[in-house]
Protein chains: 2
Amino acid sequence: MPKIVDHDARRRLIADALMRVAAEQGLEAVSLRHVAAAAGVSAGMVQHYFHTKDEMMAFALSAVMDRSEARIRAAVEALGADPPPRLLLRTLIAALLPLEGTAMADGRVALAFLAYAAVRPEAGQSLRPGTSQMVDFVAGLLPEPHGAESATALLALMEGLGVYLLGGQLTPDQALATLDAQLDLLFGPPGATLTR
Amino acid sequence: MPKIVDHDARRRLIADALMRVAAEQGLEAVSLRHVAAAAGVSAGMVQHYFHTKDEMMAFALSAVMDRSEARIRAAVEALGADPPPRLLLRTLIAALLPLEGTAMADGRVALAFLAYAAVRPEAGQSLRPGTSQMVDFVAGLLPEPHGAESATALLALMEGLGVYLLGGQLTPDQALATLDAQLDLLFGPPGATLTR
DNA sequence: GTCTTTCCAATACAACTGCAATGCAAACGC
DNA sequence: GCGTTTGCATTGCAGTTGTATTGGAAAGAC
């Protein structure tokens, strides 16, 4: 067994390049050679690590999900232990919104994959467990009278804000104001609690 | 001036075919020849009516917007004059959600174009006025205490529900329940008014 | 040393892409 | 009639696509 290389590191390197290409020019521009060029490697090497393009796409999709999971974890951990629910929710959602540079790039890639998965059911299947898990988590943070529908609504709101941010229909400020308004709706009027 | 044909009808015919291809296989599968085949015409004819692919895409994008506008109009007109605001909002949003067959197909196309426009600013520009106009309209329908943020939130919620519906994360029933929960939040608890 | 397995670069190939060019038929103005 | 303009089908072309194949260099196993 010669020439040991970190197999998974190579694949992540390639997936990163793919995401860069997709963020800048869309998934349609993702080809073996483009990705290879963006990664600074030969096309043959890409082929060595991904026997087929579908395989590469599937790996990149899972890499996208890993990234957003990491984004969540980082935001939550920065809050310390036992943060107030409303602040936790706001931080968590804000961390997932495409508000600035790198978050926007990730958001563009995620949006591209959403459209990609919408016409490829087998690819979309891997996305489902993540959101249902999120719904449960969010539902646990909402104050009493609210059920699972409010949690779903909050996440759908997040998704929609993301779309509008990427489309340029909303500025980051507007998106955050909208998010805060929704949180007001869920947690009660602004001055009514100390969680603001 | 010989052989008069309805120029615009041809272009709509082609755009319809494009949307069918995009709904089934995504925008990446949209090529001159595929679209021509789906429309049952020759590739040369497509070229005759659209000098370039970008031109064809731009026309199809505007056709998508026309469709959703027509969808809104049909839903609103079916309600008759002076419907209660809450019912009007619910009807309007439900009409735009990809809940069943043809609405889902249109939704997939719309999602594809959203991702398309996210990496092509000049294409996305045409989408902006529509939503800002919608925000104003929705804001006018909401009861007193609510401002533009709530209108934006409602539309973002709609967008997010659409994404989740297309991704299979939500069933139509769940999406509608979520929408109703949000309307409860905005219009007051279920039994408090007669608008339910 | 040699062997053998892994890594990767290069090339080849058929299929497809958008687009330009060509040619012809239909139909209206005259 | 005739000419001219429009509608469209066909073909050609250069470039790109995904994938298969080939070949060789590097490095552990022996």
Side-chain angles (χ1 to χ4, degrees), chain A residues 1-22 24-61 63 112-113 115-117 119-120 122-123, chain B residues 1-22 24-61 63 112-113 115-117 119-120 122-123:
Chain A
M1 272 175 209
K3 213 192 223 174
I4 45 161
V5 300
D6 187 339
H7 224 85
D8 213 58
R10 296 283 202 209
R11 287 158 73 108
R12 280 198 306 270
L13 174 83
I14 295 170
D16 275 12
L18 188 157
M19 287 162 74
R20 247 175 290 136
V21 172
E24 283 164 25
Q25 321 182 49
L27 272 194
E28 316 169 29
V30 169
S31 73
L32 293 194
R33 292 174 244 261
H34 275 163
V35 170
V41 303
S42 80
M45 168 158 160
V46 174
Q47 242 183 136
H48 183 71
Y49 287 100
F50 297 106
H51 301 44
T52 173
K53 189 189 176 183
D54 280 345
E55 207 177 303
M56 178 173 72
M57 297 293 275
F59 185 86
L61 177 53
F113 269 108
Y116 178 84
V119 290
R120 271 175 203 81
E122 79 283 359
Chain B
M1 271 174 208
K3 215 191 222 174
I4 45 163
V5 300
D6 186 339
H7 225 85
D8 212 56
R10 297 285 203 208
R11 287 159 72 110
R12 279 198 307 270
L13 175 82
I14 294 170
D16 275 12
L18 188 157
M19 288 161 75
R20 248 174 289 137
V21 173
E24 283 164 25
Q25 320 182 50
L27 271 193
E28 317 168 28
V30 169
S31 73
L32 294 193
R33 291 173 244 260
H34 274 164
V35 171
V41 303
S42 80
M45 168 156 159
V46 174
Q47 244 182 131
H48 183 70
Y49 286 101
F50 297 106
H51 301 46
T52 172
K53 187 187 175 182
D54 280 345
E55 206 178 304
M56 179 174 70
M57 297 293 275
F59 184 86
L61 177 54
F113 269 108
Y116 178 83
V119 291
R120 271 173 205 81
E122 80 283 359

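Numbers restart at 1 for each chain; the letters A, B, ... are given by sequence-line order, proteins then strands. Computed over heavy atoms, backbone and side chain alike; hydrogens, waters and symmetry mates excluded.
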Engineer: Work out which heavy atom in B/Asp54 is nearest to a heavy atom in B/Tyr116; give both atom names and the distance.
Structural biologist: OD1-OH, 4.1 Å
Engineer: What is the separation between atom CE on A/Met45 and atom P on D/dT21, rounded to the nearest whole Å?
Structural biologist: 22 Å
Engineer: Of the non-hydrogen atoms in A/Ala117 and A/Ala123, which two are nearest, and what is the gap between them?
Structural biologist: CB-C, 4.3 Å
Engineer: When the C1' atoms of the five terminal pairs at each end define the local axes, what inter-axis angle does the helix from C/dG1-D/dC30 to C/dC30-D/dG1 show, to 10 degrees?
Structural biologist: 0°
Engineer: Distance under 6.0 Å and angle within 45° of the ring axis: does B/Arg11 meet both against B/Tyr49?
Structural biologist: no
Engineer: Between B/Ser42 (side chain) and B/Met45 (backbone), is there a donor-acceptor pair under 3.5 Å?
Structural biologist: yes
Engineer: Heavy atoms under 4.0 Å is the rule here; annotate nucleotides 11-17 of chain C 5' to 3' with B where the base is hit, S where only the sugar-phosphate is, and - elsewhere.
Structural biologist: ------B
Engineer: Closest heavy-atom contact between A/His34 and A/Val21?
Structural biologist: O-CG2, 4.2 Å
Engineer: How close do B/Ala22 and A/Val119 get, heavy atom to heavy atom, and via which atoms?
Structural biologist: O-CG1, 3.9 Å
Engineer: Round to a whole Å and report the spacing from CG of B/Leu13 to P of D/dC8.
Structural biologist: 10 Å
Engineer: Could A/Asp8 and A/Arg12 be called an ion pair, given the rule that one side-chain N must be under 4.0 Å from one carboxylate O?
Structural biologist: yes
Engineer: If you compare every side-chain N and O of B/Thr52 against the phosphate oxygens of C/dC19 (OP1, OP2), does one of them come in below 4.0 Å?
Structural biologist: yes
Engineer: Considering residues at least two apart in sequence or located in another chain, which fulfil the salt bridge (charged side-chain N to carboxylate O under 4.0 Å, His left out) criterion with A/Arg20?
Structural biologist: none
Engineer: Rounded off to whole Å, could you give me the NE2-to-P distance for the B/His48 and C/dA25 pair?
Structural biologist: 17 Å
Engineer: I need the NE2-C1' distance between A/His51 and D/dT19, as an integer number of Å.
Structural biologist: 12 Å
Engineer: Just to be sure I understand the rule, does B/Phe50 reach a base, reach only the sugar-phosphate, or reach nothing, if contact means heavy atoms closer than 4.0 Å?
Structural biologist: nothing
Engineer: Rounding to a whole Å, what distance do you find between A/Tyr49:OH and D/dT19:P?
Structural biologist: 19 Å
Engineer: Think A/Arg10 has a side-chain N or O under 4.0 angstrom from the OP1 or OP2 of C/dC8?
Structural biologist: yes
Engineer: Nearest 0.5 Å, what's the CG-CG distance between A/Leu61 and A/Leu18?
Structural biologist: 10.5 Å
